[in-house]
Amino acid sequence: MFPKPIEKQPRAAQITYQAMLPLALLLWLGPLLAVALFSVKPAADFTNANYWGMPSSFEGAFNYGQVFFNSDMPRYLLNSFMITVPTVIGAVALSCMTGFALGIYKFKSNLWIFFMFVAGNFVPFQILMVPVRDLTLQLGLYNTKTGLVLFHIAFQTGFCTLFMRNFIRALPFELIEAARVEGISEWRIFWYVVLPLMKPAIAALSVLIFTFIWNDYFWAVVLTQGAESQPVTAGITSFNAQYRAAYQLMSAGSIVAALPPVAMFFLMQKHFIAGLTLGAVK
Amino acid sequence: MTVAADASEQESWFHRNQQSIAPWLFLAPGLLFFMVYVIIPVFQSFNLSLYEWDGLGAAEYVGFSNYEDLYWEWVDRDAFYISMKNNLIWLILYLAAIPAGLFIALFLNQTVWGIRLYKSLFFFPFVISQVVVGLVFTWFYDPTFGLLNEFLGFFGLGPVNVLGDERFVTYGIIFAGLWPQTAYCMILYLTGLNAVDPEQIEAGRLDGAKGWKMLWHIIIPQLRPATFIAFVVTIIGALRSFDLISIMTQGGPFGSSRVLAYYMFEVALSEYGFRMGYGAAIAVILFLIMLCFIAYFLWSMYREEKGH
């Protein structure tokens, strides 16, 4: 371990370290804590220029109530779920298959197809923007959740294939050979031998993709317009226009919008980090 | 010939060739989706950049005139030039997330009570949408009540209107972007540090390596895979920067915080008119810049594959 384990340091250093941890965290998360503070303040505090002081009264319940019962926020949240969940399922399902194909079989163009997925995953969104928007319009899916879902599935398949293929490569290949000797068909090998072993990868990808898609803003702006199909990231900007000076409502809204991925991260932390750090440890 | 015999022959043909057909059946749906939505659009954009098109009427072939327009704007030190320059600033300054992430990872790489919670809380900024990060930092920089000015006022400085000042605006946005990106790099390094070989550290200690020397000669070389991934995600992130600019300044003031990604969006899909071909030309240039990095990443991956 590096640096020197703190347990082996003198007592004073240990205490300093323990004291510095919360201070550093406070500084690091300062902007978020400020938003949390804003979200429980009464509107009057902002007109009286009491921005950073203690709230003159605790209005958290009222502010969050406004967001939930008196704005389009619940609808945006629901839209976000209806976009994110099918995308996660679709992208993970497709990439389990592509990853299996590229990880297990040896055929001529294997590495090239793999690299195509990886390269496609890195392209700037702008080069896809006009054709994808056009395609979505032609399919009659502009300003629908389906339009967003289809694109997201396709694009995320690039990253997911990279992940799945590398994961499958690390599985013991003897298992598959043994199954082939037994005369089991390739589909059944995929379904009964490999898929159960992929559970950790599926979990890791699901949380990760959930966060990516939930937080997507660019495609939401390019492919949707109104409250009936926009996810919460795009919604919060119209919210911003509506409640420009109502900082307490904006803060409450932002916190509500940020919560689902945060909850996901805390529930599935191990998998989330495993997904992010793919390849970071060799 | 009976139908049944035909079927069994087919069956056995499939059976015999299963190994070579199966991968294509598994690839088909994913490949189809990816082709339609990612690969083909890239080429369509290349093609589109040779046309003048408003997104509705007929497209008119104009050859390279979109690119020529961009070039002349560059000479005029106009929008395109500013966007390019800002992209470069993003690219360079965003890399600060890597050492910053390493620094925090080293700071947190201890085993004390509650450290796991600290590690996850430090990672927090990455999990939040850039839209929210942008809003938070807009308030932080606000000239009338922002914490930054309160802080500067404490030292008798300011007030500064970061997002309203052409000199500071890009740096202000990059600083906001560094917050989540540093968290990402930190997680990469924390995982990397977990895998550092304790025997090598011990050997280094016996040789008298300490502090900086130990870090530079023993730890950092072992963190290479983490550093590589941190580079990849940071460079891609810097060139993709769009959300924060759109939320915090919409490219302003006077277009001084535009980058290519934002400028393209503005040209193709906003009140400035729907100049799809012109936008596509900007996107192609951004893509070509990105392609240098993508090619390098793929080349590194290829070497690794062959090394196995």
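A, B, ... follow the sequence lines: proteins, then strands. Residue 1 opens every chain. Every value quoted in this text rests on a predicted model; they were computed, and no experiment measured them.
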Under a 4.5 Å heavy-atom cut-off, does chain A meet the side chain of B:Ile115, its backbone, both or neither? side chain
Please flag which part of B:Ile236 lies under 4.5 Å from any non-hydrogen atom of chain A: side chain, backbone, both or neither. side chain
Could you look at B:Ile229 and say if it's the side chain, the backbone, both or neither that has a heavy atom under 4.5 Å from chain A? side chain
For the ring pair B:Phe123 and A:Phe272, is the centre-to-centre distance below 6.0 Å? yes
Minimum heavy-atom distance B:Leu286-A:Pro124, with the two atoms named: CD2-CB, 3.7 Å
Contacting moiety of B:Ala183, where chain A heavy atoms sit under 4.5 Å: both
Non-hydrogen atoms of chain A under 4.5 Å away: do they reach the side chain of B:Val127, the backbone, both or neither? both
Applying a strict 4.5 Å limit to non-hydrogen atoms, the region of B:Phe124 in contact with chain A is side chain
Evaluate the criterion side-chain contact (heavy atoms from CB on, under 4.5 Å) for residue pair A:Arg169 and B:Glu305; output intermediate values, then yes/no. CA-CA 11 Å; A:Arg169 275 256 154 144; B:Glu305 286 289 325; 3.5 Å; yes
Geometric class of the A:Phe212/B:Phe126 ring pair [parallel <30°, tilted 30-60°, perpendicular >60°]: perpendicular
For B:Trp179, is it the side chain, the backbone, both or neither that has a heavy atom under 4.5 Å from a heavy atom of chain A? both
Going through the checks in order, is the side-chain contact (heavy atoms from CB on, under 4.5 Å) test met by A:Thr233 and B:Gln130? CA-CA 9 Å; A:Thr233 42; B:Gln130 298 239 319; over 6 Å; no
Which answer fits A:Ser95, side chain, backbone, both or neither, if we ask what part of it has an atom under 4.5 Å from a heavy atom of chain B? neither
Is the shortest heavy-atom distance from the side chain of B:Leu190 to the side chain of A:Ile273 under 4.5 Å? no
Heavy-atom proximity to chain A below 4.5 Å, by part of B:Ile247: side chain
Cut-off 4.5 Å, heavy atoms of chain B, and the answer for A:Ile113 is side chain
Interatomic distance, A:Trp52 atom CH2 to B:Glu150 atom CD [nearest 0.5 angstrom]: 7.5 Å
With a 4.5 angstrom heavy-atom cut-off, which part of A:Phe265 approaches chain B: side chain, backbone, both or neither? side chain
Please confirm whether A:Tyr247 and B:Phe145 have ring centers closer than 6.0 angstrom. yes
Closest approach of A:Val123 to B:Met290 (non-hydrogen atoms, all atoms of both residues): C-CE, 4.1 Å
So A:Phe122 and B:Val232, side-chain contact (heavy atoms from CB on, under 4.5 Å) or not? Walk me through it. CA-CA 9 Å; A:Phe122 285 146; B:Val232 174; 3.6 Å; yes
Which atoms of B:Ala280 are under 4.5 Å from chain A, going by heavy atoms: the side chain, the backbone, both sets, or neither? neither
A:Phe218 and B:Arg240, any side-chain heavy atoms less than 4.5 Å apart: no
Chain A contact via B:Leu27 - which portion, at a heavy-atom distance below 4.5 Å: both
Side chains of B:Ser129 and A:Tyr217, heavy atoms from C-beta outward: is any pair under 4.5 Å? no
Taking the ring centre of each residue, are B:Phe26 and A:Trp187 less than 6.0 Å apart? yes
Give, for atom CD1 of A:Ile127 and atom CD1 of B:Ile282, the distance between the pair rounded to the nearest 0.5 Å. 11.5 Å
Can you tell me which residue among A:Asn215, A:Leu32, A:Ile255, A:Leu259 is in a side-chain contact (heavy atoms from CB on, under 4.5 Å) with B:Ile128? A:Leu32
I'd like to know if the side chain of A:Gln126 and the backbone of B:Ala261 have a donor-acceptor N/O pair within less than 3.5 Å. yes
Side chain from CB out, backbone as N, CA, C, O: work out which of these in A:Val232 comes under 4.5 Å of a heavy atom of chain B, or both, or neither. neither
Given the side-chain rings of B:Trp139 and A:Tyr51, with only the six-membered ring counted for Trp, is the space between their centroids under 6.0 Å? no
Between B:Phe242 and A:Phe125, is the gap from one ring center to the other below 6.0 Å? no
B:Leu223 versus chain A, the contacting section by heavy-atom distance below 4.5 Å: neither
Portion of A:Phe100 that has a non-hydrogen atom of chain B nearer than 4.5 angstrom: side chain
Quick one: are the ring centres of B:Phe107 and A:Tyr17 less than 6.0 Å apart? yes
Quick check on A:Gln14 against chain B: is it the side chain, the backbone, both or neither that has a heavy atom closer than 4.5 Å? neither
Which atoms of B:Phe297 approach chain A - backbone, side chain, both or neither, heavy atom under 4.5 Å: side chain
Under 4.5 Å from any heavy atom of chain A - which part of B:Val132: side chain
Indicate yes or no: at least one non-hydrogen side-chain atom of B:Phe33 is less than 4.5 angstrom from one of A:Leu150. yes
